[in-house]
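Let me begin by presenting the structure, written as structure tokens, before commenting on it.
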Number of protein chains: 2
Amino acid sequence: MSKKSVPAASDTETRATSEHAPDLRLWLRTLACTNLIENHIRSRLRTEFNITLPRFDLMAQLERSPQGLKMGELSKRMMVTGGNVTGITDQLVTEGLVVREDSPKDRRAYIVRLTPEGRRSFRKMAEAHEMWVVELFGGMGEQQRGQLYELLAQLKSSAARIAGSK
Amino acid sequence: MSKKSVPAASDTETRATSEHAPDLRLWLRTLACTNLIENHIRSRLRTEFNITLPRFDLMAQLERSPQGLKMGELSKRMMVTGGNVTGITDQLVTEGLVVREDSPKDRRAYIVRLTPEGRRSFRKMAEAHEMWVVELFGGMGEQQRGQLYELLAQLKSSAARIAGSK
DNA sequence: TTATTAATATCGATGCCTAAAATATCAAAA
DNA sequence: TTTTGATATTTTAGGCATCGATATTAATAA
């Protein structure tokens, strides 16, 4: 649209920009929302429970799997690399919140499990965490949140189709 | 709702969870979308241009401000700490993509600016970057993207009201 | 059995990121 | 002028995250 009055030299680039900028703005807004919320949660986890978000996330995975998880399983579910899981687990072990046990089936592998204290501690934090999220989304109407949920499902599948096929 | 048939001992917690879980799921879905897209972009920037996302983001800020920006301005706009900006800028300087100049007005401050090569290099990358974003959102309809944009505005202001008042 | 290939986890190097402390400068009050 | 408080940046220490390399174990093939 409006090809006229656009300098010929930068035509392609200019048109690409003006046609696609809305998607870029949409992406930047998505990013801004996520960062805003994530930074808030990260900060409160730190000040109120003296824990980091990655550690909280790892514990959340273990809470859902009382039988414990292998390092590789954690890596897959948290969508991070194995080396990363090694480091976070090390920290949690020294804090007494999780334990590494040898797998009876596979001597290469460990089973990571919450300790009783880890479980107790996590439940407290999870309750607070959920309230924070409710608070952060509280300015939106019930219906708007439902719409957002559906639209994000579309976005996820759209992006996954592109990103998935590396 | 449905107070009956809920064990008394965990009543509060259970109800809180069942009532608020939708918001939690909504948040996790938001996070999943963002991570999916961000990781894809990060990976392509790396493989196709051998640059990291933070460096790209810093250059993007400078491109919009041809007169250059102070370190503190960059920090604010990128929503990261000053120490971080120092490190990223150092890298870009050694790569010859940006320069630090003394501020004529304020001897405490630096002005960071793109070099000609930095500007040339950034424009190439930005064009590709925009196409990737268009691709990633391409599975959504025009109207859906518009709705999403509006709903995210609501979310942003809702979250900012909570997160802003530290 | 032996050799090969794949899977599991760790380690080292590198980069991003923050919070807190240190350094330098500015601007205005005493 | 000197002090005081605010501002701008860097430095330091620690945690998070990736990649590539490595050691061990498992599973499979010869």
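From a predicted model like this one, the values you see are computed outputs, not experimental measurements. Order of the sequence lines fixes the chain letters, A, B, ..., with proteins taken first and strands second; residue numbering starts at 1 for each chain.
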Distance check needed: [N] [atom2] versus [X] [atom1], whole Å only.
X: A/N39; N: C/dT18; atom1: CG; atom2: P; result: 7 Å
X: B/K105; N: C/dA24; atom1: NZ; atom2: P; result: 25 Å
X: A/M71; N: C/dT10; atom1: CE; atom2: C1'; result: 9 Å

Using chain A heavy atoms and a threshold of under 4.0 Å, write down where along DNA chain D the contacts begin and end, 5' to 3'.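 Result: D/dG15 to D/dA26.
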Ignoring the backbone of A/Y110, work out which of C/dA9, C/dA19, C/dT25 is nearest its side chain.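 From the listed options, C/dA9 comes nearest.
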Quick check for you: among C/dT25, C/dT10, C/dT18, whose closest atom lies nearest to any side-chain atom of B/N84?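 Nearest nucleotide to the side chain: C/dT18.
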Would you mind classifying the nucleic acid contact of B/G82 as base, sugar-phosphate or nothing, using non-hydrogen atoms under 4.0 angstrom? base
Contact class for B/G83 (heavy atom, under 4.0 Å): base, sugar-phosphate, or nothing? base
Can the positive tip of A/R145 be found less than 6.0 Å from the middle of the six-membered ring of A/F137, inside 45° of the ring normal? no
Taking all heavy atoms of [X] and all of [Y], pick out the closest pair and write down the distance.
X: A/W27; Y: B/I41; result: NE1-CD1, 3.8 Å
X: B/V112; Y: B/M71; result: CG2-SD, 3.4 Å
X: B/M140; Y: A/S158; result: N-OG, 4.2 Å

By a strict heavy-atom criterion of less than 4.0 Å, which residues belonging to residues 45-67 of chain A are in contact with DNA chain C?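 Correct list: A/R46.
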Hey, can you pull the residues of residues 88-102 of chain A with a non-hydrogen atom under 4.0 angstrom from DNA chain C? A/R100
Which residue pairs pass the ring-ring contact (aromatic ring centres under 6.0 Å, His included) test with at least one member in residues 45-85 of chain A, sequence neighbours excluded?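 Counting only pairs at least two positions apart or across chains, the ring-ring contact (aromatic ring centres under 6.0 Å, His included) contacts touching residues 45-85 of chain A are A/F56-A/F122, A/F56-A/H129.
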Check: B/T34 main-chain N/O paired with A/T34 side-chain donor or acceptor under 3.5 Å: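 Answer holds: no.
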For A/E48, enumerate each residue passing the side-chain contact (heavy atoms from CB on, under 4.5 Å) test, keeping only those at least two apart in sequence or located in another chain. A/R44, A/W132
For A/D106, salt bridge (charged side-chain N to carboxylate O under 4.0 Å, His left out) partners two or more places apart: A/R108
Check the surroundings of atom CD in A/Q67: do more than 12 heavy atoms from other residues, nucleotides or ligands lie under 6.0 Å from it?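 Correct, the count exceeds 12.
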Step-by-step salt bridge (Lys or Arg N to Asp or Glu O under 4.0 Å) determination, A/R123 to A/E127: CA-CA 6 Å; A/R123 289 197 170 142; A/E127 201 180 340; over 6 Å; no
Walking DNA chain D from its 5' end, the first of A/R108 and A/M79 to be reached, judged by nearest nucleotide, is A/M79
When rounded to the nearest 0.5 angstrom, what distance separates CG in A/L69 from NZ in A/K76? 10.5 Å
Find which nucleotide of DNA chain C each of A/D106 and A/R42 is nearest to by heavy atoms, and output the residue with the more 5' nucleotide.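 On the 5' side of the pair lies A/D106.
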